[in-house]
Amino acid sequence: MLRELFRDAVLEVSRVQTESEHAPLAAMIRTREAVDAETLLQRLGAAAAPEALKPRIEKHGEWEIGVEELKKLRDEGAEFVLIDVREPHEYQICSLGGELIPLRTLGGKLGDLESGAHIVVYCREGGRSARAVSTLREAGFENAWNLRGGILAWIEKIDPSLTSY
């Protein structure tokens, strides 16, 4: 079934630990290539994906910067706020520095941020940070940017000495 859904993509499948040994099987499937929900549903023969399942990253693509641009900003000493919206345990594995504000707590922290500041937000792969940037922009933060590809892109293209997870 996975071969049918993901075709020629390289898959990594791992079991997700659950609290109970009697819980249903849960697995995490990762691919190097992104496959959107709409495509997966079409391959399953299902109707079009509901709006909630459609990827939000594409919609906010103009609010993204690449890891090369972030490196340039850092190298030039540009003034910006770097926000990591991952969870604390992820931050302990590796970090680009900046302020840790897990996505689930961002709404309560908006008042602590300067609305005119240049803000770069990152997560592991760019999905959570895209949602965070959407939230920030809707709240009036016009200079909020998502780091395309997240910390994994940074590790791949800029600093492979950081721990990938």
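Within the 4.5 Å cutoff, no side-chain heavy atoms of L147 are placed close to those of S129. Side-chain contact between R86 and I151 is present, with at least one heavy-atom pair separated by less than 4.5 Å. The closest side-chain heavy-atom distance from L100 to I83 is not below 4.5 Å. E114 places none of its side-chain heavy atoms less than 4.5 Å from the side chain of V81. Residues I119 and F80 fail the side-chain proximity criterion, which asks for heavy atoms closer than 4.5 Å. Under the 4.5 Å side-chain criterion, counting only non-hydrogen atoms from C-beta, W145 is in contact with R137.
The pair E99-K109 fails the salt-bridge criterion, with no side-chain N (NZ, NE, NH1 or NH2) lying under 4.0 Å from an Asp/Glu carboxylate O. Classification of E90 and R128 as a salt-bridged pair holds, one side-chain N sitting under 4.0 Å from a carboxylate O.
E87 and P102 get closest at one heavy-atom pair: OE2-CB, 3.7 Å. In terms of heavy-atom proximity, L82 sits nearest to R74 at CD2-NH2, 3.5 Å. Closest approach of L110 and A139 over heavy atoms only: CD1-CB, 3.9 Å. For W63 against S134, the heavy-atom pair with the smallest separation is CZ3-CA, 4.2 Å. Here the closest non-hydrogen pair linking A117 and N143 is O-CB, 3.4 Å. The two residues N146 and V133 make their nearest non-hydrogen contact at N-CG2, 3.5 Å.
At a threshold of 4.5 Å between side-chain heavy atoms, the hydrophobic network of Ile, Leu, Val, Met, Phe, Trp and Tyr places L5 and V13 in one connected group.
Counting non-hydrogen atoms of neighbouring residues, nucleotides and ligands closer than 6.0 angstrom, the CD atom of E68 exceeds 12 such neighbours.
We find the CD-NE2 distance between E142 and H118 to be 11.0 Å, quoted to the nearest 0.5 Å. Separating the CD1 atom in I158 from the CG atom in L96 is a distance of 10.0 Å, to the nearest 0.5 Å. Here the CH2-CG distance, from W154 to D159, works out to 7.5 Å after rounding to the nearest 0.5 Å. A distance of 14.5 Å separates CD in E125 from CZ in R148, rounded to the nearest 0.5 Å.
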Given Y122 and D84, is the side chain to side chain donor-acceptor pair (under 3.5 Å) satisfied, shown in steps? CA-CA 5 Å; Y122 77 94; D84 183 339; 2.9 Å; yes

Show your working on side-chain contact (heavy atoms from CB on, under 4.5 Å) between R131 and L103 and close with a plain yes or no. CA-CA 8 Å; R131 290 192 300 275; L103 180 59; 3.8 Å; yes

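The salt bridge (Lys or Arg N to Asp or Glu O under 4.0 Å) search around K71 returns D75, not counting sequence neighbours.
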